[in-house]
Amino acid sequence: MAGPILIFDSGVGGLSVAAAIRERLPAATLAYVCDNAMLPYGTKPDAWLVERITAVCREAVRVSGAAVLVVACNTASTLALEALRAALDIPVVGTVPAIKPAAALSRTGTIALLATSATVNRAYTRQLIEEFAGHCRVLRLAADPLVAEAERHLAGEPADEATLVASLAPLWRESALDTVVLGCTHFPLLRARFAACAPRVVAWVDSGDAIARRVAAIVATPLAGQTNRAWATAPGRALAAILAERGFGSPQVLDPGAVRVPVAR
Ligand code: DGL
């Protein structure tokens, strides 16, 4: 493959997917792009998101020369995969909530999807649940404030305990719940904090390794030994430090073209 594996998210959430890809393909050259100027995605309108995601990914693919695009964002993947595949001429791998493995893992048949409000309400998500968890009781829980907490956590600031506890509280009302799908790529970054504030043990399931396996199957011989690079749509000191620490170097600013202000939901 002639180009890097390009990983895209609204913010730092995609780094949970990057870590899984690195584990499976340690020598592969990676590139990272985030639309931090428009973070968070989970509360923005669908039509605007499709346009924005397509513009950012198209420009990032162009400047990085990527061989494959990994959409490391559930909010983007459950909405814009079709548009991205139509707009790009490289393979596009999406990240969607791990409903299928969670339903297979659960012993009680009660599982939860923890994700952004956009993801929990998507037709794509309802379809996933119908197809793979029809025999389960599935609690869909929107937890948008956890996105900012994950960003803070990675920036070295403590995530707010009260926000974590309040966001997860509805889970514990389901006494039979034994498995929670981390349906936002930001959330695996807080997994240890979630487990620490959970009143009982549950399995926390994410899609990272499944995505990495898919990428490895597509890029059988990934580009190796080149410099990992990063792009962001807005400058930011904390983000630069996070990306540098993970070997991506300092991000360059990416201009995806005219940015229209999203209409409030
Ligand atoms: N990391 C993204 C996801 O997987 C969403 C975060 C956001 O709301 O921007 O859904």
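Whatever order the structure lists ligands and atoms in, that order sets their numbers, starting from 1. We number each residue from 1, following the sequence as shown.
Residue pairs that meet the ring pair (Phe, Tyr, Trp, His ring centres under 6.0 Å) test with at least one member in residues 109-151, sequence neighbours left out, do not exist here.
Counting side-chain heavy-atom gaps under 4.5 Å among Ile, Leu, Val, Met, Phe, Trp and Tyr, Val165 is found in no cluster with other residues. Taking Ile, Leu, Val, Met, Phe, Trp and Tyr as members and joining any whose side-chain heavy atoms lie under 4.5 Å apart, directly or through other members, the hydrophobic cluster of Leu39 also contains Leu114, Leu139, Leu141, Leu146, Val147, Leu164, Leu168, Leu171, Trp172, Leu177, Val180, Leu182, Phe187, Leu190, Phe194, Val202, Trp204.
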Which N/O atoms of ligand 1 sit under 3.5 Å from a protein N/O, and at what distances?
| residue | atom | partner | partner atom | Å |
| --- | --- | --- | --- | --- |
| ligand 1 | 1 (N) | Asp9 | OD1 | 3.0 |
| ligand 1 | 1 (N) | Asp9 | OD2 | 3.4 |
| ligand 1 | 1 (N) | Thr185 | OG1 | 2.9 |
| ligand 1 | 1 (N) | His186 | ND1 | 2.8 |
| ligand 1 | 4 (O) | Asn74 | N | 2.8 |
| ligand 1 | 4 (O) | Asn74 | ND2 | 3.2 |
| ligand 1 | 4 (O) | Thr185 | N | 2.8 |
| ligand 1 | 4 (O) | Thr185 | OG1 | 3.2 |
| ligand 1 | 8 (O) | Tyr41 | N | 3.2 |
| ligand 1 | 8 (O) | Gly42 | N | 2.8 |
| ligand 1 | 9 (O) | Ser10 | OG | 2.7 |
| ligand 1 | 9 (O) | Tyr41 | N | 2.6 |
| ligand 1 | 10 (O) | Asn74 | N | 3.4 |
| ligand 1 | 10 (O) | Thr75 | N | 3.0 |
| ligand 1 | 10 (O) | Thr75 | OG1 | 2.6 |

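Of the charged side-chain nitrogens involved, none lies within less than 4.0 Å of a carboxylate oxygen, so that Lys100 and Glu131 do not count as a salt-bridged pair. One finds a salt bridge joining Arg137 and Glu174 here, because a Lys/Arg side-chain nitrogen approaches an Asp/Glu carboxylate oxygen to under 4.0 Å. Contact check on Asp160 versus Arg152 returns no salt bridge, with no Lys/Arg side-chain nitrogen under 4.0 Å from an Asp/Glu carboxylate oxygen.
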